[in-house]
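What follows is one structure encoded as structure tokens, with my remarks underneath.
Just so we're on the same page: letters track the sequence lines, and every chain starts at 1. Here the structure is a predicted model, which is why all the values come from computation and not from measurement.
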Number of protein chains: 2
Amino acid sequence: MSTLNVTIVGASGETGRAIVDGLLDSSTNFITALVRPSSVNKPEVEKIKTRGVTIVPVDLVGSQEDLVKALSGQDVVISALEPFALEPQFVLATAAKNAGVKRYVPSAFGPSCPPTGVMHLRDIKEEIINHIKKIYLPYTIIDVGLWYQGTLPTLPSGKIDYALTFPALQVAGDGHRASAITDLRDVGKYVAKIITDERTLNKYVFAYNEVWTQEQIYNHLEKISGEKVKRNRVSTEEIKATIAAAQAKFDGGDKSYQAVLGLAIPQYLDCEWFRGDNLPESAKYLGYLSTQDLYPDFEFIKYKDYVQEVVDGKGVPIYANRGA
Amino acid sequence: MSTLNVTIVGASGETGRAIVDGLLDSSTNFITALVRPSSVNKPEVEKIKTRGVTIVPVDLVGSQEDLVKALSGQDVVISALEPFALEPQFVLATAAKNAGVKRYVPSAFGPSCPPTGVMHLRDIKEEIINHIKKIYLPYTIIDVGLWYQGTLPTLPSGKIDYALTFPALQVAGDGHRASAITDLRDVGKYVAKIITDERTLNKYVFAYNEVWTQEQIYNHLEKISGEKVKRNRVSTEEIKATIAAAQAKFDGGDKSYQAVLGLAIPQYLDCEWFRGDNLPESAKYLGYLSTQDLYPDFEFIKYKDYVQEVVDGKGVPIYANRGA
């Protein structure tokens with residue numbers, strides 16, 4: 001495999017850092033991160049710089065010419081931008097097309113989900129995907145299921161609170177519904193494989209490690225920790241009502257980050273645990289290739305190892321520096 | 001191959017009749033047409049009845065229960081409904097899901113085209129496709145390129161006017177741009193093959209016969225007819241301006257059939273002859289399988305045979321009974 005020039009935008013975000021890690025592990029990439037001029041000296045940017053990533057200061061919504069120049073000669077451009085701001089994503093995709101980029105990976109990295117009408121967040125991502133298709137920008141859509149790091153409830157003792165940025169405190173119905181889950185630390189490794197694979201060009205790829213039901217997750221945690229965990233059950237009617245209320249608030253004009261999250265969180269729950277969207281067979285129906293088919297020998301982190309790690313006090317919380 | 005129960009809705013339309021013809025040619029289908037109760041005695045319905053199609057009177061926007069009952073036991077449901085009316089199409093897809101239909105073919109049957117932002121007509125069809133995906137209704141999207149019957153300009157002598165319901169009077173730029181073309185009479189034969197093919201389940205299929213440039217079409221017509229045909233050239237700037245004006249009118253609130261057509265016609269021209277959307281390689285990028293790959297032995301009507309037929313006075317005009 002020859003050296004690949006890969007540019008990433010949004011490298012200091014949660015998914016972005018996981019991708020940078022994965023790319024750095026793979027020795028075939030020359031990695032550039034586009035960074036807002038005002039962020040060049042931030043600690044998280046300094047950190048990836050010392051690890052061998054070339055930092056290029058670029059204002060996405062500034063000169064289109066500068067942006068095209070920055071992307072010229074790049075084989076792959078990966079957007080790990082926060083999905084809510086559409087304008088920079090449109091601009092970046094168009095510049096990638098004009099720069100002759102050979103593969104564009106837009107900000108997806110979520111659960112498998114139908115294009116519209118299930119998650120507002122997906123509806124937004126779909127607008128970017130549709131723009132990409134309109135301009136015939138070569139692409140790969142990568143979705144990654146639900147992060148392990150978002151699957152565990154807290155324990156009564158509080159001993160795993162340290163590792164749970166978003167504890168999973170609600171159980172969908174009887175808990176016997178399944179979802180595809182992936183360790184965030186594997187995301188970058190999947191991305192590194194996918195972007196060098198001709199089979200995934202102009203395709204959707206569903207990258208996931210394992211499939212668990214919520215009841216299996218809770219039972220396993222109880223077994224490993226020796227503690228009992230209460231099930232806070234949510235019915236289909238309740239989740240629908242919560243989404244409807246949040247949707248009404250949003251449609252009523254409240255587009256605050258709070259209102260967006262208020263809609264996004266129950267919709268995630270609905271997609272991942274109620275509707276069954278985030279499952280290999282649903283992803284296949286929706287047109288995704290599967291990493292389990294593409295890379296049967298991929299050695300991902302096993303879910304049981306992740307749970308053990310967390311219970312042993314060795315877990316790494318996500319969004320640890322989100323306040324930064 | 002065992003007998004397949006196929007229901008078609010919109011059987012008396014232009015595409016609908018072509019599909020019924022194709023299905024009747026294939027002896028493996030038991031065909032039902034859902035028809036509005038008020039249309040049961042119309043001559044075009046009587047006609048397909050005498051050919052062995054079972055007529056079931058159903059009001060699409062009436063009782064959902066009756067509709068589900070009408071679709072129960074059907075392997076395939078094909079919608080050849082006029083695409084502008086969304087409500088009946090949403091209702092039909094939902095009923096097909098509730099009836100356990102094994103494959104739903106929504107009303108597409110147009111050129112290969114990106115999902116949004118190129119043709120308003122496609123944007124609308126995409127809403128139905130997205131609904132289908134949201135409810136996990138097994139589907140096949142079939143697009144068919146540009147009909148042969150919409151490719152020829154008139155001749156100065158007027159001798160082929162009889163066959164040209166929509167003469168192709170505008171040439172995109174230098175005329176060297178290509179498009180994939182298909183005889184309307186082959187559409188039903190493709191559909192009959194596609195709906196019995198497991199490889200096309202939950203996939204997009206681009207059915208087309210040949211690829212021609214406008215200049216090649218004009219030159220060929222001149223050669224066969226012995227007449228010279230003037231090129232009315234339209235520039236990219238002109239087509240863009242025409243579309244922008246029609247879009248402004250439409251967005252301004254004029255949703256009349258006239259306004260819709262005023263937007264649809266230049267957008268078809270843009271998609272089919274300017275942008276290069278309606279080409280096998282574009283369709284492939286957009287995720288379509290190709291009938292040329294799936295059915296390499298398919299004996300379609302050759303474009304040269306179609307042109308000869310028209311010049312010989314044996315052409316069959318399309319939409320001949322559109323006033324009915």
* Considering residues, nucleotides and ligands other than A:K255, do more than 12 of their heavy atoms fall under 6.0 Å from its NZ? -> yes

* Asked: Taking the inter-plane angle between the rings of B:Y285 and A:Y136 on a 0 to 90° scale, is it parallel (under 30°), tilted (30 to 60°) or perpendicular (over 60°)?
  -> tilted

* **Atom pair CG/NZ of B:D277 and A:K134 - distance to nearest 0.5 Å** => 9.5 Å

* Asked: Rounded to the nearest 0.5 Å, how far apart are CD of A:E127 and OG1 of B:T116?
  -> 8.0 Å

* Flag the one option from B:G117, B:G276, B:G287 with the top tally of heavy-atom pairs under 4.5 Å to chain A. => B:G117

